[in-house]
Amino acid sequence: MVLQDTWLFGGTVAENIAYSKPDATREEIVQAAKAAKVDYFIRTMPQGYDTILDNEAANLSAGQRQLLTIARVFLCDPPIIILDEATSSVGTRTEVEIGKAMQKLMKGRTSFVIAHRLSTIRDADTILFMEHGNIIEQGSHQELLAKNGAYAALYYSQFE
């Protein structure tokens, strides 16, 4: 599960990524970081993967914290993924890159994606469009655009 409000603990960057798989090798941790598009940033830190984070990880941006928690998901390779606004704090370019990697990760498994950025869910098999806690439209991206309802209005407002 990757939440909008990230949770990191006092320890190294590598330990924070390995939280999802405590017995992970350094190579596995690095591969997960690369998949989450955070490896380059980590390598620019004073001690790289051995840099110590405090409990709040205050020395990282919100987007960097989200990328570290996304790396956890890549590392543990779970059968079910829940993403709740998981890319809300990353930039558009980074979101596109992560989106490509996430498509690979989500293939063949159940994924629940909660997002306001519709680019995050465009390729979903089924989209449940909610308003005030109620499902008001349901279908694939193309089906919902064809309905020209609330989903389409929001989509076009974000991309036009």
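All values below come from the heavy atoms of this structure, side chains included, with hydrogens, waters and symmetry mates left out.
Rounding to the nearest 0.5 Å gives a distance of 12.5 Å between CD1 of Ile135 and CD1 of Ile127. Note that the SG atom of Cys76 and the CD1 atom of Ile81 stand 8.0 Å from one another [nearest 0.5 Å]. Atom CG of Leu83 sits about 6.5 Å away from atom OG of Ser111, to the nearest 0.5 Å. For the atom pair Asp39 CG and Lys34 NZ, the distance stands at 5.5 Å (nearest 0.5 Å). Interatomic distance, CD1 of Ile70 versus CG of Leu68, reported as 9.5 Å (0.5 Å rounding).
In this structure, the side chain of Gln31 does not engage the main chain of Glu28 through any donor-acceptor pair within 3.5 Å. Gln66 places no side-chain N or O within 3.5 Å of a backbone atom of Gly63 that could act as its donor or acceptor partner. Using modelled atom types, one side-chain atom of Lys147 and one backbone atom of Gln138 make a donor-acceptor pair closer than 3.5 Å. Although no hydrogens or angles enter the test, the distance criterion places no donor-acceptor pair under 3.5 Å between the side chain of Arg65 and the main chain of Trp7.
Counting heavy atoms from C-beta on, the side chains of Ile29 and Tyr49 come closer than 4.5 Å. Contact of the Asp54 side chain with the Ile52 side chain is not registered, since no non-hydrogen atoms from C-beta on lie closer than 4.5 Å. In this structure, the side chains of Ile17 and Ile42 come closer than 4.5 Å at one or more pairs of heavy atoms. Met1 has its side chain out of reach of Asp84: every pair of non-hydrogen atoms, C-beta onward, lies at least 4.5 Å apart. In this structure the side chain of Val38 never reaches within 4.5 angstrom of the side chain of Gln64, judged on heavy atoms. When side chains are defined from C-beta on, Asn16 counts as touching Arg72, because their heavy atoms get closer than 4.5 Å. Within the 4.5 Å cutoff, the side chain of Leu154 has heavy atoms near those of the Phe129 side chain. Proximity of Tyr155 to Leu145: side-chain heavy atoms (C-beta onward) are separated by under 4.5 Å at one or more points.
No continuous path of hydrophobic side-chain contacts links Ile114 to Val73 [ILVMFWY only; heavy atoms under 4.5 Å].
Closest non-hydrogen pair, Ile136 versus Ala150, comes out as CD1-CB, 3.7 Å. Here the closest non-hydrogen pair linking Ala152 and Asn148 is CB-CA, 3.7 Å.
Look at Lys21 and Asp77 and you find no salt bridge, because none of the NZ, NE, NH1 or NH2 atoms lies under 4.0 Å from a carboxylate O.
Residue-environment remark: CZ (Phe9) exceeds the threshold of 12 foreign heavy atoms within 6.0 Å. Under a cut-off of 6.0 angstrom, the local environment of CZ in Phe41 is crowded, with over 12 non-hydrogen atoms contributed by other residues, nucleotides or ligands.
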### Query
Checking side chain to side chain contact (heavy atoms under 4.5 Å, CB included) for the pair Asp50/Val13: CA distance, chi angles, key distance, verdict?
CA-CA 6 Å; Asp50 296 316; Val13 170; over 6 Å; no
### Query
Given the rule in the side chain to side chain contact (heavy atoms under 4.5 Å, CB included) test, do Phe112 and Ile80 qualify, once you have shown the distances and angles that lead to the verdict?
CA-CA 8 Å; Phe112 296 93; Ile80 296 174; 4.2 Å; yes
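Of the candidates Glu137, His141, Glu143, Glu131, Tyr151 forms a side chain to side chain donor-acceptor pair (under 3.5 Å) with just one, namely His141.
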